[in-house]
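Numbering of ligands and ligand atoms starts at 1, following listing order.
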Amino acid sequence: MSAQSMEELVALCKRRGFVYQASEVYGGLQGVYDYGPLGVELKNNLKAAWWRSMVYERDDVEGLDSAILTNAKVLRYSGHEETFADPLVDCRKCKARWRADHLEGETCPGCGSRDLTDPRPFNLMFKTNVGPVEDGASIAYLRPETAQSIFTNFKNVLDSTSAKLPFGIAQIGKAFRNEITPRNFIFRVREFEQMELEFFVEPGTDEAWHDEWVHERLAWWQDQGINGNNLELLRVPEEELAHYSKATVDVMYRFPHGVEELEGIANRTDFDLGAHTKNQRDLDITAAVPANDESNTRLAVQRQDDKRWTVPFVIEPSAGVDRGVLAVLNEAYTVETLPNGSKRTVLSLQPHLAPIKAAVLPLKRNHDGIVARARALKADLMKLGLGRVLFENTGNIGKGYRRHDEVGTPLCITVDFQTLDDETVTVRDRDTMQQERVNTSGLVDVLRERIA
Ligand code: GAP
């Protein structure tokens with residue numbers, strides 16, 4: 001099951017501390033959100049799952065964590081200064097601004113007027129000044145994608161590892177875009193996170209690798225609990241391709257507001273490495289890139305056999321963390337009718353994504369023996385390294401179960417009087433609501449089996 005509406009998800013996110021409007025006490029900041037106590041855990045778990053599958057489970061990918069502030073020249077030669085723009089129209093009546101390609105007909109969605117300006121390009125990059133002097137020479141950008149610094153660090157990574165083609169560089173981090181019409185909660189925002197892999201391959205093998213990565217990424221989203229029936233692949237029409245792309249396939253997800261892009265997998269050819277490479281004229285670059293006499297580096301590999309330099313092609317699976325969080329929350333959100341007619345809201349998250357893996361609940365909040373045993377149990381279970389185990393001393397077990405169902409905690413462990421006699425606890429399962437009595441010595445196995 002999934003949520004019936006975005007409003008349901010937004011309400012849950014606020015109530016339970018997943019996502020808040022940023023700067024809320026001053027009326028908010030449009031298109032910017034903060035992640036609360038449970039949101040940060042969910043987001044970290046999703047990023048960790050991506051990193052594990054991209055970097056740890058493969059031996060042909062290395063990680064990177066590069067700066068957000070970016071030298072303007074990087075984004076000049078990458079083509080972003082020139083082309084990273086959306087078409088913008090102004091409503092002459094109510095003065096609102098809209099993305100021309102998001103309008104239904106030629107009508108202002110705000111006031112219904114048809115008196116709109118012609119579309120003009122609006123560059124989406126956030127500009128700032130580095131240092132105390134605000135002049136043209138001090139301009140820097142907040143990166144609009146994490147990818148560019150992977151390209152500019154290509155040679156550094158190559159020189160400091162034993163990487164050989166095909167190989168990839170993975171990065172998770174913030175990106176910023178001054179979206180004209182941010183909307184749909186955390187779907188389209190101005191500050192967001194990306195999980196990007198740039199996978200460098202021999203020219204000529206790029207199309208096969210592109211297919212392979214589309215397949216891999218589709219499977220990965222399903223491993224995060226997304227039903228395959230809610231995912232689709234969309235081959236981006238040629239006229240809509242980004243300036244660097246030869247072909248892009250989008251992984252589309254059925255969000256509460258409609259089917260939209262969750263991740264894009266692009267064949268960026270040799271465009272970016274070529275664009276940042278000095279003396280491109282000596283190289284066989286297939287993509288038409290701006291001549292770069294300012295870079296001091298050759299972002300290329302030398303063939304062993306004929307010593308010729310080749311600029312690799314790159315396949316780029318690029319996923320949005322915030323869109324991923326929205327998708328897994330939407331998939332997991334379920335309202336069940338129980339046999340007694342009452343309703344239960346449960347977040348059936350995959351255990352590896354659950355913000356809290358297990359909650360340890362003392363039956364009596366003022367009973368020193370029970371409370372001490374519960375605290376010690378929490379400390380023991382944390383040593384497993386499976387994630388957050390919460391000690392929660394409210395004394396209301398029924399309410400605790402309901403709250404933990406709603407935030408997706410897979411297991412609740414209740415410590416009671418009997419525990420003090422025979423070292424057994426009650427383990428309650430989120431999905432089945434079944435309770436079983438387990439010896440504390442067997443809890444490690446229960447957690448490993450159900451959470452890991
Ligand atoms: N490096 C390639 C790149 O940035 P993109 O399709 O513009 O390609 C990749 O972005 C992913 O980043 C998207 O599939 C989406 O998940 C996420 N994304 C892009 N813009 C976003 C925004 N304004 N808010 C939230 N996520 C966004």
Side-chain angles (χ1 to χ4, degrees), residues 19 22 29-33 35 43 46-47 50 64 66 68 70 74-75 78-80 83-86 99 101-102 122-126 141-152 168-199 210 213-214 217-218 220-221 224 226 231-237 240-253 255 257 259-269 271-273 275 314-328 330:
V19 182
L29 182 61
Q30 214 200 353
V32 187
Y33 288 89
Y35 284 79
K43 201 179 186 203
L46 187 67
K47 292 191 284 183
W50 186 90
L64 183 75
S66 65
I68 287 168
T70 307
V74 171
L75 293 152
S78 70
H80 283 78
T83 59
F84 196 62
D86 279 337
R99 248 178 83 165
D101 54 335
H102 283 175
F122 172 76
N123 194 292
L124 299 180
M125 290 196 294
F126 280 100
Y141 292 105
L142 304 190
R143 64 184 178 198
E145 59 169 2
T146 75
Q148 287 308 318
S149 52
I150 297 184
F151 300 130
T152 54
I169 304 178
Q171 171 156 240
I172 300 177
K174 291 264 183 172
F176 300 81
R177 296 182 190 176
N178 198 3
E179 296 284 354
I180 300 164
T181 37
R183 57 176 149 178
N184 293 320
F185 193 35
I186 50 174
F187 176 81
R188 187 179 310 286
V189 283
R190 291 183 166 136
E191 172 173 343
F192 55 99
E193 272 188 278
Q194 292 183 314
M195 308 184 280
E196 299 202 294
L197 172 73
E198 305 302 324
F199 197 76
H210 194 198
W213 275 111
V214 170
R217 297 305 302 149
L218 200 57
W220 186 83
W221 282 112
Q224 308 319 305
I226 299 199
L231 293 167
E232 290 172 18
L233 293 178
L234 175 85
R235 186 161 279 272
V236 176
E240 288 175 26
L241 289 174
H243 63 278
Y244 49 71
S245 174
K246 164 176 156 183
T248 297
V249 175
D250 286 343
V251 178
M252 309 289 282
Y253 171 68
F255 287 99
H257 62 281
V259 177
E260 290 223 50
E261 177 186 339
L262 174 61
E263 167 161 359
I265 301 140
N267 182 343
R268 291 182 78 135
T269 69
F271 181 87
D272 300 273
L273 291 183
V314 66
I315 305 302
E316 175 197 64
S318 170
V321 178
D322 310 77
R323 289 187 188 180
V325 166
L326 188 58
V328 295
N330 185 50

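Closest approach of Leu273 and Phe151 over heavy atoms only: CD2-O, 3.8 Å.
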Run through all N or O atoms in ligand 1 and write down each protein N or O closer than 3.5 Å, as a pair with its distance.
{"from": "ligand 1", "atom 1": "1 (N)", "to": "Glu145", "atom 2": "OE1", "distance (Å)": "2.5"}
{"from": "ligand 1", "atom 1": "1 (N)", "to": "Glu196", "atom 2": "OE2", "distance (Å)": "2.4"}
{"from": "ligand 1", "atom 1": "1 (N)", "to": "Arg268", "atom 2": "NH1", "distance (Å)": "3.4"}
{"from": "ligand 1", "atom 1": "1 (N)", "to": "Glu316", "atom 2": "OE1", "distance (Å)": "3.4"}
{"from": "ligand 1", "atom 1": "1 (N)", "to": "Glu316", "atom 2": "OE2", "distance (Å)": "2.8"}
{"from": "ligand 1", "atom 1": "4 (O)", "to": "Arg177", "atom 2": "NH2", "distance (Å)": "2.8"}
{"from": "ligand 1", "atom 1": "4 (O)", "to": "Gln194", "atom 2": "NE2", "distance (Å)": "2.9"}
{"from": "ligand 1", "atom 1": "6 (O)", "to": "Glu261", "atom 2": "OE2", "distance (Å)": "3.1"}
{"from": "ligand 1", "atom 1": "7 (O)", "to": "Arg177", "atom 2": "NH1", "distance (Å)": "2.8"}
{"from": "ligand 1", "atom 1": "7 (O)", "to": "Arg177", "atom 2": "NH2", "distance (Å)": "3.1"}
{"from": "ligand 1", "atom 1": "10 (O)", "to": "Gln194", "atom 2": "NE2", "distance (Å)": "3.4"}
{"from": "ligand 1", "atom 1": "12 (O)", "to": "Gln194", "atom 2": "NE2", "distance (Å)": "3.3"}
{"from": "ligand 1", "atom 1": "14 (O)", "to": "Glu261", "atom 2": "OE2", "distance (Å)": "2.6"}
{"from": "ligand 1", "atom 1": "16 (O)", "to": "Leu262", "atom 2": "O", "distance (Å)": "2.9"}
{"from": "ligand 1", "atom 1": "16 (O)", "to": "Gly320", "atom 2": "N", "distance (Å)": "3.0"}
{"from": "ligand 1", "atom 1": "20 (N)", "to": "Arg177", "atom 2": "NH1", "distance (Å)": "3.3"}
{"from": "ligand 1", "atom 1": "23 (N)", "to": "Glu179", "atom 2": "OE2", "distance (Å)": "2.8"}
{"from": "ligand 1", "atom 1": "23 (N)", "to": "Val189", "atom 2": "O", "distance (Å)": "2.8"}
{"from": "ligand 1", "atom 1": "24 (N)", "to": "Phe187", "atom 2": "O", "distance (Å)": "3.3"}
{"from": "ligand 1", "atom 1": "24 (N)", "to": "Val189", "atom 2": "N", "distance (Å)": "3.0"}
{"from": "ligand 1", "atom 1": "26 (N)", "to": "Arg323", "atom 2": "NE", "distance (Å)": "3.4"}

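Ring geometry, Phe255 versus Tyr253: the interplanar angle exceeds 60°, so the pair is classed perpendicular (tilted spans 30 to 60°).
Phe122 pairs by the ring pair (Phe, Tyr, Trp, His ring centres under 6.0 Å) definition with nothing, not counting sequence neighbours. In this view, Asp250 satisfies the side chain to side chain donor-acceptor pair (under 3.5 Å) rule with no residue, not counting sequence neighbours. Thr70 meets the side chain to side chain donor-acceptor pair (under 3.5 Å) test with no other residue; sequence neighbours excluded.
Residue Ile180 holds its CD1 atom at 9.0 Å from CZ of Arg190, rounded to the nearest 0.5 Å.
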